[in-house]
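What follows is a short report on a single structure.
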Number of protein chains: 2
Amino acid sequence: MRKLQIVQSKGARHEAIRRLLQAERIGTQEGLCRALAREGFRVTQATLSRDLQQLGAVRVGGLYELPPASPAAARLQEVGDLVVSFAENDLLVVLRTQPGAAPAVASAIDAARLPGCLGTLAGDDTIFATPVRGVAVRKLSRKLRNLFGRELS
Amino acid sequence: MRKLQIVQSKGARHEAIRRLLQAERIGTQEGLCRALAREGFRVTQATLSRDLQQLGAVRVGGLYELPPASPAAARLQEVGDLVVSFAENDLLVVLRTQPGAAPAVASAIDAARLPGCLGTLAGDDTIFATPVRGVAVRKLSRKLRNLFGRELS
DNA sequence: CGACGCATTGCATAAATATGCGACTTCATG
DNA sequence: CATGAAGTCGCATATTTATGCAATGCGTCG
């Protein structure tokens, strides 16, 4: 039997990685691994290899660098708190937001230009989002959840 | 005894690498190695590792990409043909150019902001270049030769 | 609750990249 | 011509990164 894994920390870990790469001169995944360990994240090099790819980090001159986080992504993080719940049917993903916040959130989603998102329509506290043909509503729903990086009903 | 090496091709090879990386999707140094071989460049992965570093290439998403060649470097290549000869004494590097071309060449050199180059002064077909304190005139001369990528008297 | 889909992770290892060292060339100099 | 400094390169290998696979956790749905 292999060691139990404590899944569940990717979001926070990615944030930490961003911070660390900017603050320190980190040149290897092993080094990043040690730095993260100091902050309480215990993961292996394999995981970091995947994380760095997902973050779009690039190794240049023996040092890891991050492409500036897209403004769109930053905005999504900001408005994430305004989202109250997710739901979906066969056709649409339906997001509920705090009163009046729907337009702001929908605009942030649009700006992010998700590959699978055909369009959004915002009311006052409700957003309809519809996937491009061929993408399952489920899939889009998951993507949106991940974007806001939170667990919702 | 090890195999004889046919030194002497870095400049052209670097050009070829630039071209190939832009034209094809190349994801490994081995792949680049094969592509170069098709063009007649026979070098090993080790050499390419060094070349790519020198070119500032970056591997992102499993593909090699080049940072856009600095305008300064491009300009240097352009004016390189106008340079006729190099010479040096204890104090200065002296470049001769085609008549009237000195200012253009000097300006390109200045724009390149060589770390070892304190300043240049251009006449009509003659340029004086002087190194920063601590850098040998010899050193600066070599750097300039390399920049123009040609063999001159 | 049980089954299923999917995401996350570690482990082991494959794949890829970087580098120490010596060979060789080219220039320039005594 | 001998000598020496600088630059380029291949080889062998060390270092670093990527990945196939299986285990586990989480959410959903019947």
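The chains referred to below are lettered A, B, ... by the order of the sequence lines, with proteins before strands, and numbering in each begins at 1. Basis for what follows: all heavy atoms, side chains included, without hydrogens, waters or symmetry-related copies. Owing to the predicted nature of the structure, the values given are computational and were not obtained by experimental measurement.
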With sequence neighbours left out, what residues match [X] under side chain to side chain contact (heavy atoms under 4.5 Å, CB included)?
X	answer
Asn89(B)	Leu91(B), Leu92(B)
Gln53(B)	none
Ala106(A)	Thr120(A), Ala122(A), Ile127(A)

Side-chain donor-acceptor pairs of residues 28-36 of chain A under 3.5 Å, sequence neighbours excluded:
{"unit_1": "Thr28(A)", "atom_1": "OG1", "unit_2": "Glu30(A)", "atom_2": "N", "d": "3.4"}
{"unit_1": "Thr28(A)", "atom_1": "OG1", "unit_2": "Gly31(A)", "atom_2": "N", "d": "2.9"}
{"unit_1": "Gln29(A)", "atom_1": "OE1", "unit_2": "Gln45(A)", "atom_2": "NE2", "d": "2.8"}
{"unit_1": "Gln29(A)", "atom_1": "NE2", "unit_2": "Tyr64(A)", "atom_2": "OH", "d": "3.2"}

Please give, in whole Å, the distance from [N] [atom2] to [X] [atom1]?
X	N	atom1	atom2	answer
Glu88(A)	dC29(D)	CD	C1'	12 Å
Lys10(B)	dG10(D)	NZ	P	12 Å
Arg42(A)	dT9(C)	CZ	C1'	14 Å

Among pairs that include at least one residue of residues 105-131 of chain A, which meet salt bridge (Lys or Arg N to Asp or Glu O under 4.0 Å), considering only residues two or more places apart or in two chains?
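Listed by first then second residue: nothing to list.
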Which residue pairs satisfy the salt bridge (Lys or Arg N to Asp or Glu O under 4.0 Å) criterion with at least one member in residues 15-25 of chain A, sequence neighbours excluded?
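As it turns out, the salt bridge (Lys or Arg N to Asp or Glu O under 4.0 Å) pairs with a partner in residues 15-25 of chain A, which skip direct neighbours, are Arg19(A)-Glu39(A), Glu24(A)-Arg38(A).
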Positions of residues 14-40 of chain A (non-hydrogen atom under 4.0 Å from DNA chain D), listed by number
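Going residue by residue through residues 14-40 of chain A, the ones with a heavy atom under 4.0 Å of DNA chain D turn out to be Gly27(A), Thr28(A), Gln29(A).
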Scan residues 43-66 of chain A against DNA chain D and write down, sorted by residue number, each residue with any heavy atom closer than 4.0 Å; if none is found, say none.
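DNA chain D contact set from residues 43-66 of chain A: Gln45(A), Ala46(A), Ser49(A), Arg50(A), Arg59(A), Tyr64(A).
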Can you check whether Lys139(A) has a side-chain N or O nearer than 4.0 Å to OP1 or OP2 of dG5(C)?
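No, outside the criterion.
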Compare side-chain N and O positions of Arg145(A) against OP1 and OP2 of dG27(D) and report whether any pair is under 4.0 Å apart.
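For dG27(D), OP1/OP2 do not have a side-chain N/O of Arg145(A) under 4.0 Å.
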Given dC9(D), dA28(C), dT8(C), the nucleotide with the shortest approach to the side chain of Arg138(B):
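Given the options dC9(D), dA28(C), dT8(C), the side chain of Arg138(B) is closest to dA28(C).
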Arg59(B): side-chain hydrogen bond (donor to acceptor under 3.5 Å, both in side chains) partners, not counting sequence neighbours
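Applying side-chain hydrogen bond (donor to acceptor under 3.5 Å, both in side chains) to Arg59(B) gives none.
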Residues Lys10(B), Asp51(B): salt bridge by 4.0 Å N-O rule
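Salt bridge between Lys10(B) and Asp51(B), a charged N being under 4.0 Å from a carboxylate O: no.
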